[in-house]
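Read the structure below first, then the notes.
Index from 1, following the sequence.
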Amino acid sequence: MKALTEKLSGRFNELSDEMRKSEKRMVEIGALLTHINNYSRTKKVYEAYRKSGYSRKFFEEHREEIQIHKAAKQAFEQLPESKVPSRRSLNEEFHRCLSEKKKAYTEYRQVKKRCRNT
């Protein structure tokens, strides 16, 4: 009985870790998608800012868009790979993480139930 309880407890902890890892990656993907969208949305304003010779007046008029664009660029520089992943690949990875999380959660509930019954 004790061995079964330890085995179930170990599996319970493994599943909890799996779900946390999936959730963490999903949050990272969500943030990266936000940066990609912000970058695309503010690209024209930033290009106009560069063409203006980094004009102080232009910067003041478009401060928010320029800062958003710079934040997105900084996030891309912190990526481990040099190339920014596509939205499609990120969406696919997000859905894969979500299905793994759901699968782990289903087993997690079953293990939790068995732990309570033993």
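Salt bridge present: Glu93 and Arg25 bring a charged side-chain N and a carboxylate O closer than 4.0 Å. With respect to Arg20 and Glu23, no salt bridge is recorded, no charged nitrogen being found less than 4.0 Å from a carboxylate O. Classification of Glu92 and Arg96 as a salt-bridged pair fails, no side-chain N sitting under 4.0 Å from a carboxylate O. The pair Glu60-Arg56 meets the salt-bridge criterion, with a side-chain N (NZ, NE, NH1 or NH2) lying under 4.0 Å from an Asp/Glu carboxylate O.
Nearest heavy-atom pair across Ser55 and Tyr49 is O-CE1, 3.5 Å. The two residues His69 and Thr42 make their nearest non-hydrogen contact at ND1-OG1, 3.0 Å. Nearest heavy atoms, Val45 versus His62: CG1-CB, 3.7 Å. The minimum heavy-atom distance between Leu8 and Val111, with the atom names listed, is O-CG1, 3.4 Å.
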| message | Test side-chain contact (heavy atoms from CB on, under 4.5 Å) on Glu100 and Lys21; report intermediate values, then the result. | response | CA-CA 10 Å; Glu100 289 171 2; Lys21 286 178 187 175; over 6 Å; no

| request: Apply the test side-chain contact (heavy atoms from CB on, under 4.5 Å) to residues Gln110 and Arg114: give CA-CA distance (whole Å), side-chain angles for both, the deciding distance (0.1 Å), then the verdict. | output: CA-CA 6 Å; Gln110 292 170 351; Arg114 286 184 65 193; 5.6 Å; no

| request: Kindly indicate, with the supporting measurements, whether the criterion side-chain contact (heavy atoms from CB on, under 4.5 Å) is fulfilled by Ser52 and Glu61. | output: CA-CA 12 Å; Ser52 75; Glu61 292 172 0; over 6 Å; no

| task | Could you go through the side-chain contact (heavy atoms from CB on, under 4.5 Å) check for Tyr46 and Lys73 one step at a time? | result | CA-CA 11 Å; Tyr46 192 78; Lys73 284 176 67 172; 3.9 Å; yes

| request: Could you walk me through whether Glu14 and Arg11 pass salt bridge (charged side-chain N to carboxylate O under 4.0 Å, His left out), step by step? | output: CA-CA 5 Å; Glu14 289 173 13; Arg11 185 64 183 147; 2.9 Å; yes

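Ring planes of Tyr105 and Tyr108: parallel class, angle under 30° (limits at 30 and 60°). A perpendicular orientation is assigned to the rings of Phe76 and His35, their planes being inclined by more than 60° (bins at 30° and 60°).
A chain of hydrophobic side-chain contacts below 4.5 Å, direct or via other Ile, Leu, Val, Met, Phe, Trp or Tyr residues, connects Ile36 to Leu79. Met26 and Leu32 fall within the same hydrophobic cluster, where Ile, Leu, Val, Met, Phe, Trp and Tyr residues are linked whenever their side-chain heavy atoms come under 4.5 Å apart, directly or through other members.
Rounding to the nearest 0.5 Å gives a distance of 11.0 Å between NE2 of His95 and CG of Leu90. Taking CZ from Arg87 and CD1 from Ile29, the interatomic distance works out to 15.0 Å, rounded to the nearest 0.5 Å.
Heavy atoms of other residues, nucleotides or ligands lying less than 6.0 angstrom from CZ of Arg50 number 12 at most. For Arg88, the CZ atom is loosely surrounded, since the number of other residues' heavy atoms within 6.0 Å does not exceed 12.
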